[in-house]
Amino acid sequence: MLLRGVNLAGHRRIAMADLRELLEGLGYADVKTHLQGGNAVVTTAAKADAVARKVSAQIAESLGLDVDVTVRTHAELTAVVKRNPFKQGLKDPAKFLVSFLASKPHAKLVTAVESESFAPDKFWVDGREVYMWCPNGVGRAKLPKDFFAKRLAVSATARNWNTVSKLVELTAAYS
């Protein structure tokens, strides 16, 4: 699961130990976190949408934070890796991001976004993911922060390719 906007520049702080405890308290098994960016892996038979709602509600209740939660299974994360349209991103994964969308955006919104150019940055919207290649670095990207969340009207949280790859590895043990 991916928490949106936590532990960025000292804001919306959630210690990963607290997140693990919260998730275990909700009854999830095999809880692991990765880095400090709100990445967690759990074992559950529950549906992804139900997990996202439950975790988001518990974070609000326990920690007083309004945090969007997006959930992907191992199979979904593996498919994200296989669909990678920017092979050059594999050579410099810190400049290659995937934005995970909470739901599939409306086709008209996707068409409108795809008509825009932010060269040299490139992006590709594919279902519930947006792949972004930023050859000059993420900090110098021409794509505005929260661009996809705002323009596609869905919650979005981005992870660099290194993190995506690590989440595939971590979830493999649960599949």
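Nothing fancy with the numbering, it's 1 onward along the sequence.
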Is E21 atom CD crowded by more than 12 heavy atoms from other residues, nucleotides or ligands, each under 6.0 Å away?
no
So, D30 side chain and V42 main chain: donor-acceptor pair closer than 3.5 Å or not?
no
K142 and D121 ion-paired at < 4.0 Å:
no
Any idea how F118 and F147 line up, ring-wise: parallel (<30°), tilted (30 to 60°), or perpendicular (>60°)?
perpendicular
Looking only at heavy atoms, which two atoms of N160 and P93 are closest? And how far apart?
CB-O, 3.8 Å
Lys/Arg cation over aromatic Y28: K54, 6.0 Å, 45° cone:
yes
Distance (rounded to the nearest 0.5 Å) between L90 CG and S165 OG
7.5 Å
Are the side chains of K32 and R20 in touch, meaning some heavy atoms are under 4.5 Å apart?
no
Which residues satisfy the side-chain hydrogen bond (donor to acceptor under 3.5 Å, both in side chains) test with N84, sequence neighbours excluded?
none
For V113 and L152: C-alpha separation, side-chain torsions, deciding distance, then whether side chain to side chain contact (heavy atoms under 4.5 Å, CB included) applies.
CA-CA 8 Å; V113 166; L152 298 176; 3.7 Å; yes
Are there more than 12 heavy atoms of other residues, nucleotides or ligands under 6.0 Å from atom NZ of K87?
yes
Could you check if a side-chain atom of F123 sits within less than 4.5 angstrom of a side-chain atom of L97, using non-hydrogen atoms only?
no
If Ile, Leu, Val, Met, Phe, Trp and Tyr residues are connected whenever their side-chain heavy atoms lie under 4.5 Å apart, and connections chain through other members, are V67 and L19 in the same group?
yes
Would the distance check show the side chain of T171 and the main-chain N or O of V168 forming a donor-acceptor pair, the cut-off being under 3.5 Å?
yes
Sequence neighbours excluded, which residues qualify as ring-ring contact (aromatic ring centres under 6.0 Å, His included) partners of F96?
W161
Would Y131 and V80 count as a side chain to side chain contact (heavy atoms under 4.5 Å, CB included) here? Give the steps.
CA-CA 9 Å; Y131 297 82; V80 166; 3.6 Å; yes
When rounded to the nearest 0.5 angstrom, what distance separates CE in M1 from OG1 in T73?
12.5 Å
Hydrophobic clusters here meaning ILVMFWY residues chained together by side-chain heavy-atom distances under 4.5 Å, can you tell me if V138 and V164 are in one?
no
S56 side chain to R53 backbone, donor-acceptor under 3.5 Å
no
Could you check whether any side-chain heavy atom of V71 comes within less than 4.5 Å of a side-chain heavy atom of D49, counting everything from C-beta outward?
no
Under 4.5 Å between side-chain heavy atoms, hopping through other hydrophobics if needed: is there a path connecting V41 to V98?
yes
Indicate yes or no: at least one non-hydrogen side-chain atom of M16 is less than 4.5 angstrom from one of H34.
no
Atom pair CZ/SG of F86 and C134 - distance to nearest 0.5 Å
9.5 Å
Where do N162 and A94 come nearest, in terms of heavy atoms and distance?
ND2-N, 4.4 Å
Can a donor-acceptor pair be found, under 3.5 Å and without considering hydrogens, that links the side chain of K104 to the backbone of G127?
no
Heavy atoms only: give me the nearest R83-W124 pair and the separation to one decimal.
O-CZ3, 3.4 Å
To the nearest 0.5 Å, atom CZ of F148 lies from atom CG of L109 at 12.5 Å
Give a yes or no on whether F100 and L3 share a hydrophobic cluster (residues Ile, Leu, Val, Met, Phe, Trp, Tyr; joining criterion: side-chain heavy atoms under 4.5 Å apart).
no
Apply side chain to side chain contact (heavy atoms under 4.5 Å, CB included) to residues L2 and L167 and explain how you reach the verdict.
CA-CA 10 Å; L2 309 165; L167 290 172; 3.6 Å; yes
Is it the case that over 12 heavy atoms from other parts of the model lie below 6.0 angstrom from the CZ atom of R140?
no
Is there a side-chain contact between T70 and L101 (heavy atoms, below 4.5 Å)?
no
Scanning both residues in full, the closest heavy-atom pair of S103 with V154 reads OG-CG1, 3.4 Å
Flag the pair R4 and D66 as a salt bridge only when some basic side-chain nitrogen lies within less than 4.0 angstrom of an acidic carboxylate oxygen.
no
Euclidean distance, E61 CD relative to L22 CG, rounded to 0.5 Å
9.5 Å
Find out whether Q88 and K95 are in side-chain contact, i.e. whether some heavy atom of one side chain is under 4.5 Å from a heavy atom of the other.
no
Classify the side-chain pair R159/T157 by whether it contains a donor and acceptor separated by less than 3.5 Å.
yes
Report yes if the side chains of R13 and V6 come closer than 4.5 Å at any heavy-atom pair, otherwise no.
no
Could you see if L35 belongs to whatever hydrophobic cluster contains V31? Use Ile, Leu, Val, Met, Phe, Trp, Tyr and a side-chain cutoff under 4.5 Å.
no
Can you tell me how far apart CG (L170) and CG (N39) are? Round to the nearest 0.5 Å.
9.0 Å
